[in-house]
Amino acid sequence: MILLIRTDQPVAELTLYKNKEHIKTISWEAHRELAESLHTRINDLLVGQGVTYKDLKAIGVYQGPGSFTGLRIGVSVANALADSLQIPIASATGEQWLDTVVTSLAKEKLVKSVTPDYGAMPHITAQVK
């Protein structure tokens, strides 16, 4: 089982694949509640398909470009899951990111962690003194 995470837009998506076959995708309006809802939605997806975290063989994540905070949260969760479960992780960008990640994992082009690709410098408000 491969868990795929996309959090670059207000609507977040989680997808499960098994042997390059799409099993289930869920999406929800995450907006500013992404950090609060992502773990719950991952758990709901897995439980709903009769899958446990131990059944996951890899993690894939949309790398960007997109929302600074959304990408940061999604990539952080993906890296944490891959590291804690000791499973491979892969990332990709673009419209075909799902296929790219699934193919990359199948070919065992593996990395230890991934970084977001924001597509531009983040717009961070200067601290008021």
Side-chain angles (χ1 to χ4, degrees):
M1 295 298 258
I2 300 172
L3 174 65
L4 300 160
I5 301 170
R6 184 168 185 170
T7 57
D8 64 308
Q9 300 173 8
V11 175
E13 287 183 0
L14 299 171
T15 301
L16 274 178
Y17 269 79
K18 182 176 184 179
N19 301 326
K20 291 190 176 183
E21 182 180 322
H22 177 262
I23 303 297
K24 174 109 177 150
T25 297
I26 62 169
S27 59
W28 73 101
E29 295 275 341
H31 293 287
R32 295 188 180 270
E33 288 79 38
L34 180 61
E36 297 171 27
S37 65
L38 185 55
H39 293 286
T40 301
R41 296 296 179 133
I42 291 171
N43 193 60
D44 291 348
L45 175 63
L46 297 179
V47 169
Q49 297 303 306
V51 175
T52 68
Y53 285 97
K54 290 182 179 183
D55 295 323
L56 295 176
K57 302 300 178 212
I59 303 287
V61 64
Y62 182 78
Q63 189 175 12
S67 160
F68 175 78
T69 301
L71 288 170
R72 188 169 45 116
I73 292 168
V75 169
S76 295
V77 168
N79 281 327
L81 283 172
D83 186 62
S84 65
L85 296 169
Q86 294 295 293
I87 58 177
I89 186 169
S91 64
T93 64
E95 293 297 317
Q96 300 300 317
W97 80 277
L98 285 171
D99 293 334
T100 302
V101 165
V102 171
T103 300
S104 183
L105 289 167
K107 291 181 179 178
E108 298 184 3
K109 291 184 177 179
L110 311 176
V111 295
K112 187 151 178 82
S113 66
V114 298
T115 57
D117 177 5
Y118 302 115
M121 292 299 293
H123 301 285
I124 300 173
T125 306
Q127 188 176 25
V128 178
K129 294 182 181 185

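Computed from a predicted structure; not experimentally measured. These values consider heavy atoms only, across backbone and side chains, with no hydrogens, waters or symmetry-generated copies.
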Say whether, by atom type as modelled, one donor and one acceptor occur between the side chain of Gln63 and the main chain of Thr115 under 3.5 angstrom.
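Such a contact is found between Gln63 side chain and Thr115 backbone.
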Taking atom CG of Leu4 and atom NE2 of His22, what is their separation to the nearest 0.5 Å?
9.0 Å
If you look at every heavy atom in Gly74 and Leu38, which pair is closest and at what distance?
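Shortest heavy-atom separation between Gly74 and Leu38 comes out as CA-CD2, 4.3 Å.
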Applied to residues 7-22, the salt bridge (Lys or Arg N to Asp or Glu O under 4.0 Å) test, sequence neighbours excluded, yields Arg6-Asp8
side-chain contact (heavy atoms from CB on, under 4.5 Å) evaluation trace for Leu3 with Leu45:
CA-CA 10 Å; Leu3 174 65; Leu45 175 63; 4.0 Å; yes
Measuring from Asn19:CG to Ile2:CD1, what's the distance to the nearest 0.5 Å?
8.5 Å
May I have the step-by-step check of side-chain contact (heavy atoms from CB on, under 4.5 Å) for Met1 and Leu56, ending in yes or no?
CA-CA 5 Å; Met1 295 298 258; Leu56 295 176; 4.1 Å; yes
Identify the heavy atoms of Ala12 and Leu34 that sit nearest to each other, and give their distance.
CB-CD1, 4.0 Å
Determine, step by step, whether Val77 and Ile42 satisfy the side-chain contact (heavy atoms from CB on, under 4.5 Å) criterion, reporting the C-alpha distance in whole Å, the side-chain angles of both residues, the deciding distance to 0.1 Å, and the verdict.
CA-CA 10 Å; Val77 168; Ile42 291 171; 3.9 Å; yes
Note: Val61 and Val101 closest approach over all heavy atoms is O-CG2, 4.3 Å
How far apart are the closest heavy atoms of Val11 and Ser27, and which atoms are they?
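For Val11 versus Ser27, the nearest heavy atoms are CG1-CB, 3.8 Å.
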All heavy atoms of Leu71 vs all of Tyr62, minimum pair found to be CD2-O, 3.7 Å
Among Thr52, Leu14, Leu16, Asp55, exactly one meets side-chain contact (heavy atoms from CB on, under 4.5 Å) together with Leu46. Which residue is that?
Leu16
Between NE2 of His31 and OG1 of Thr69, what distance do you get to the nearest 0.5 Å?
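It comes to 14.0 Å.
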Parallel, tilted or perpendicular: ring planes of Phe68 versus Tyr118, cut at 30 and 60 degrees
tilted
Do you know the tightest heavy-atom contact between Ile59 and Ala78?
CG2-CB, 3.7 Å
Would you confirm whether Thr7, through its side chain, and Gly70, through its main-chain N or O, come within 3.5 Å as a donor-acceptor pair?
yes
NZ of Lys54 to CD1 of Ile87: how many Å apart, nearest 0.5 Å?
13.0 Å
State, without any angle test, whether Thr40 and Asn43 hold a side-chain donor-acceptor pair at a distance under 3.5 Å.
no
Under the side-chain hydrogen bond (donor to acceptor under 3.5 Å, both in side chains) criterion, do Asn79 and Ser76 qualify, and how do the steps go?
CA-CA 5 Å; Asn79 281 327; Ser76 295; 5.9 Å; no
